[in-house]
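Throughout, protein chains are lettered first and strands after them, A, B, ... in sequence-line order, and every chain is numbered starting at 1.
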4 protein chains.
Amino acid sequence: MTNEGNRGRPRSQQARQAILDAAAALLLERALSEVSMDAVAQRAGVSKATIYRWWPTKEALALDALYAEWNTVRPFPRDTGSLRGDLLSLLRPWARLASSRPYGRVLAALLTTAQSDPVFATEYRQRFVEPRRDQARALFQRATERGEIPAGTKIDVALDLLYGPLYHRLLHGHAPLTDRFVRDVVDMALDGILPGPA
Amino acid sequence: MTNEGNRGRPRSQQARQAILDAAAALLLERALSEVSMDAVAQRAGVSKATIYRWWPTKEALALDALYAEWNTVRPFPRDTGSLRGDLLSLLRPWARLASSRPYGRVLAALLTTAQSDPVFATEYRQRFVEPRRDQARALFQRATERGEIPAGTKIDVALDLLYGPLYHRLLHGHAPLTDRFVRDVVDMALDGILPGPA
Amino acid sequence: MTNEGNRGRPRSQQARQAILDAAAALLLERALSEVSMDAVAQRAGVSKATIYRWWPTKEALALDALYAEWNTVRPFPRDTGSLRGDLLSLLRPWARLASSRPYGRVLAALLTTAQSDPVFATEYRQRFVEPRRDQARALFQRATERGEIPAGTKIDVALDLLYGPLYHRLLHGHAPLTDRFVRDVVDMALDGILPGPA
Amino acid sequence: MTNEGNRGRPRSQQARQAILDAAAALLLERALSEVSMDAVAQRAGVSKATIYRWWPTKEALALDALYAEWNTVRPFPRDTGSLRGDLLSLLRPWARLASSRPYGRVLAALLTTAQSDPVFATEYRQRFVEPRRDQARALFQRATERGEIPAGTKIDVALDLLYGPLYHRLLHGHAPLTDRFVRDVVDMALDGILPGPA
DNA sequence: GGTTAAACGAGACGGTACGTCCGGTCTTCCT
DNA sequence: AGGAAGACCGGACGTACCGTCTCGTTTAACC
């Protein structure tokens, strides 16, 4: 974007990191709307103008800050031999991370912004949604190759059927997002609510 | 709260309705954060103090305004004879309403507030979540009585398995919330992703 | 300007006075450019928005603040029987006041603004220049009636000849603005630099 | 100050002149406070750091820029044979120059700075005030030698009596600074407001 | 002719103030 | 007492400018 010919003073990586750290820390303390850019600047020991030079809005900054936080733990799903096992090894770490700290608060705020800002929405999905969906898609591909599920399975629906309930509990908070719940969701999604036609 | 002895001038129902209408109209135009109390007051032809006399915060007002909007259409689920049919007759109208206008924007904003305000969260769930869950719970009760599903079925998980994917698409917007999707979700939730043990 | 029907909460005279006092105090401490609106607001115990509601710019506020300060002492010229005496009784108090505190600093700043803002310039002259000139004009009128000076005397030039040197010393500071200087200016202006044609 | 041993790259005279030209041009366009150092740098095709290397403040730069502009016309007073003629030949070109362009705006701004910065004030007077006063003083010296004025004449007062009214009109703008006015001031200052004792 | 020292263009940076906006409260008069 | 009007405090917003800095580059004078 800026500084296109390597001319002039280079961007301070120290400032960049301090800003992201400060934003992340504050976002875990209180709601996004309660976090002021002045507070981030002060905590990072940085000028407000420096923040605005690189992030157009508070939400964009929050997106980056959360992304850095979120990706410290990167659960890579291993092949457990069955779709059920694969899904559990993918979703359980996600659920643990999501409920380990008030990430739901930030996530909700980002989703709110995404409702009114299509560009932001795309950015959000590319960073937070698609990678997980791609991983899960790979699991289903593997399951298809194994012959566990038929070829015509609507995978996109299945993805929503798995992630939807998790986000639902995270955001609505009507019940906790436990390992037990993850197992129940996987079981019920795989086997169905109705008893099998045996 | 106010006017406990029925003394003095009674509350203007006209003002109350004008405020709710103005708020609802503005909320369908733009994001909650872009709607100012001054704008609501002006549009309603009402003093800002009057709003604050009856609603503590902008979010509380938005909750009431959306509630009024949302409940203009009240889909009452009829008995179709099967759980599948009952669920479709409950969820399809909900999905149509939710995606008919930018309600997702307001909903996301309310959810965001709920993340940091437990009282508000309870209020929100009582008004928007529990009624639907209660209705759905009744359908499952009926299905149990019919013998469609076993007695030990984890209904709360099932509810999240059904509503979760709908909210997921509404809020994330990675794919549209169509009738087709509702049908797919109901089918897949009832029958399971894996093929039956036939 | 605002509040045209006497409706609504009336303007707080207490806030108004606190703002003027704070501005005046700060202007006597440091240069106008060093006085921030935030500082005035804080010192006055007032919101910045309240200042901007009633004064469009810092300079307009400074004008009012200085005017209040300046007019606490209102030297009224008495009839001394001679033009020389009248002028001394008018100009000496002015010079004393002008040099008693760092009013020159504020005056210079206001004059600077007046150079680029015709509306402000008019306002400035009406408040600070014209009243004095009117008073002096009256003295010359009296002198004409006495027969001290001929009827065709160019009074506007005479006014500049008297006030000009005083402002000159005040603003340039190449020499102090003393009583002695005022007397010298009056004498030399009345009698001329060249010796009389006696 | 810098480059004491003539070592290293010499100062770019081209940059120096471009900066002064840019500053002068901008100062004739708008008020000093509206002229930003960034704008000067951009217009001069120069780095901001280069400006600050040679001029400590914007005001110091403005002083130099105006000085260069002002001294393009250098009115040298010739001996006309009488004090009156000499003064006219000194003051008339000055008044014409001062009112020919918006120099009053810059002058006022410099005077404002001088009110709070004694070092700057001295610099300002040495460059803009003292040379003229010295020239005028020489005229009075000549007049004394001619016997036009008595030996005890207070020349410093006389200088203020002549320049004061001109600055007064220039800065206050209550009336134009015309040749006619210069003549009137000289006449009235030399002959006095009161009629001679003939 | 290679080294060195300073000046230079570019532009990021910390800091400060700007003028605006909005959330919530309060005051006055009117109904 | 309820309500309309609107002034008020507090505080965050995003912008603009100042004066400094850190780069890489250029330009002479010196060795």
For [X] and [N], give me the distance from atom [atom1] to atom [atom2], rounded to whole Å.
{"X": "Tyr52(B)", "N": "dG3(F)", "atom1": "OH", "atom2": "P", "value": "16 Å"}
{"X": "Met37(A)", "N": "dG11(F)", "atom1": "CE", "atom2": "P", "value": "19 Å"}
{"X": "Arg53(D)", "N": "dT20(F)", "atom1": "CZ", "atom2": "P", "value": "12 Å"}
{"X": "Ile19(A)", "N": "dC13(E)", "atom1": "CD1", "atom2": "C1'", "value": "10 Å"}
{"X": "Leu61(B)", "N": "dC22(E)", "atom1": "CG", "atom2": "P", "value": "16 Å"}
{"X": "Gln14(A)", "N": "dC21(F)", "atom1": "CD", "atom2": "P", "value": "15 Å"}
{"X": "Arg43(C)", "N": "dG10(F)", "atom1": "CZ", "atom2": "C1'", "value": "20 Å"}
{"X": "Trp54(B)", "N": "dA1(F)", "atom1": "CH2", "atom2": "P", "value": "13 Å"}

* Asked: Looking at residues at least two apart in the chain, or sitting in another chain, which of them share a side-chain contact (heavy atoms from CB on, under 4.5 Å) with Gln14(A)?
  ->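 Gln14(A) satisfies side-chain contact (heavy atoms from CB on, under 4.5 Å) with Ser12(A) once adjacent residues are dropped.
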
* Asked: Which part of the nucleic acid, if any, lies within reach of Ala49(B) when heavy atoms closer than 4.0 Å are counted: base, sugar-phosphate only, or nothing?
  ->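 Here Ala49(B) touches the bases of the nucleic acid.
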
* To do: Quick one: label Val35(B) by what it contacts on the DNA or RNA (base, sugar-phosphate, nothing), any heavy atom closer than 4.0 Å.
  =>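 Since only primed, P, OP1 and OP2 atoms lie under 4.0 Å of Val35(B), the category is sugar-phosphate.
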
* **Lys48(C) (side chain) and dG11(F) (base): donor-acceptor pair under 3.5 Å** =>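 No, the side chain and the base share no sub-3.5 Å donor-acceptor pair.
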
* To do: Answer with yes or no whether Ser47(D) presents, from its side chain, a donor or acceptor under 3.5 Å of a partner atom in the base of dA10(E).
  =>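 Yes, a donor-acceptor pair under 3.5 Å.
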
Listing time: all N or O pairs from protein to nucleotides 1-5 of chain E that are below 3.5 Å?
none

Could you list the donor-acceptor pairs under 3.5 angstrom formed by side chains in residues 19-26 of chain C, with sequence neighbours left out?
residue	atom	partner	partner atom	Å
Asp21(C)	OD1	Gln17(C)	NE2	3.1

* side chain to side chain donor-acceptor pair (under 3.5 Å) contacts touching residues 106-122 of chain A (sequence neighbours left out) ->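 Checked against side chain to side chain donor-acceptor pair (under 3.5 Å) - neighbours excluded - the pairs reaching residues 106-122 of chain A are Thr112(A)-Thr112(B).
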
* Between dC13(F), dC13(E), dC9(F), which nucleotide has the shortest distance from any of its atoms to the side chain of Val46(C)? ->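 That would be dC9(F).
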
* Asked: How do Ala39(A) and Ile51(C) order along DNA chain F: which one's closest nucleotide is nearer the 5' end?
  ->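 Per heavy-atom nearest nucleotide, the more 5' residue is Ile51(C).
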
* Asked: If only atom types and distance count, is the side chain of Lys58(C) paired as donor or acceptor with the main-chain N or O of Ser36(C) below 3.5 Å?
  ->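 No; judged by distance alone, with no hydrogens or angles, the pair does not exist.
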
* Asked: Any donor and acceptor pair, going by atom type alone, linking the side chain of Arg105(D) with main-chain N or O of Leu28(D) inside 3.5 Å?
  ->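 Yes: the side chain of Arg105(D) pairs with the backbone of Leu28(D).
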
* For Thr57(C) and for Ala15(D), find the nucleotide of DNA chain E with the closest heavy atom, then tell me which residue's nucleotide is more 5'. =>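 Its nearest nucleotide lies further toward 5', so the answer is Ala15(D).
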
* Asked: Is the shortest side-chain N/O distance from Thr50(A) to OP1 or OP2 of dG14(E) below 4.0 Å?
  ->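 Result: yes.
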
Rounded to the nearest 0.5 Å, what separation is found between the [atom1] atom of [X] and the [atom2] atom of [Y]?
{"X": "Leu27(D)", "Y": "Leu107(D)", "atom1": "CG", "atom2": "CG", "value": "11.5 Å"}
{"X": "Leu66(A)", "Y": "Asn71(A)", "atom1": "CG", "atom2": "CG", "value": "9.0 Å"}
{"X": "Arg53(B)", "Y": "Arg16(B)", "atom1": "CZ", "atom2": "CZ", "value": "15.5 Å"}
{"X": "Tyr52(B)", "Y": "Leu61(B)", "atom1": "OH", "atom2": "CG", "value": "9.0 Å"}

* Among residues 20-30 of chain A, which residues get a heavy atom nearer than 4.0 Å to DNA chain E? ->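 Contacting residues: none.
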
Could you pull out every donor-acceptor pair under 3.5 Å between side chains of residues 37-51 of chain B and any protein atom, sequence neighbours left out?
residue	atom	partner	partner atom	Å
Arg43(B)	NH1	Glu29(B)	OE2	3.2
Arg43(B)	NH2	Glu29(B)	OE2	3.3
Ser47(B)	OG	Ala49(B)	N	3.2

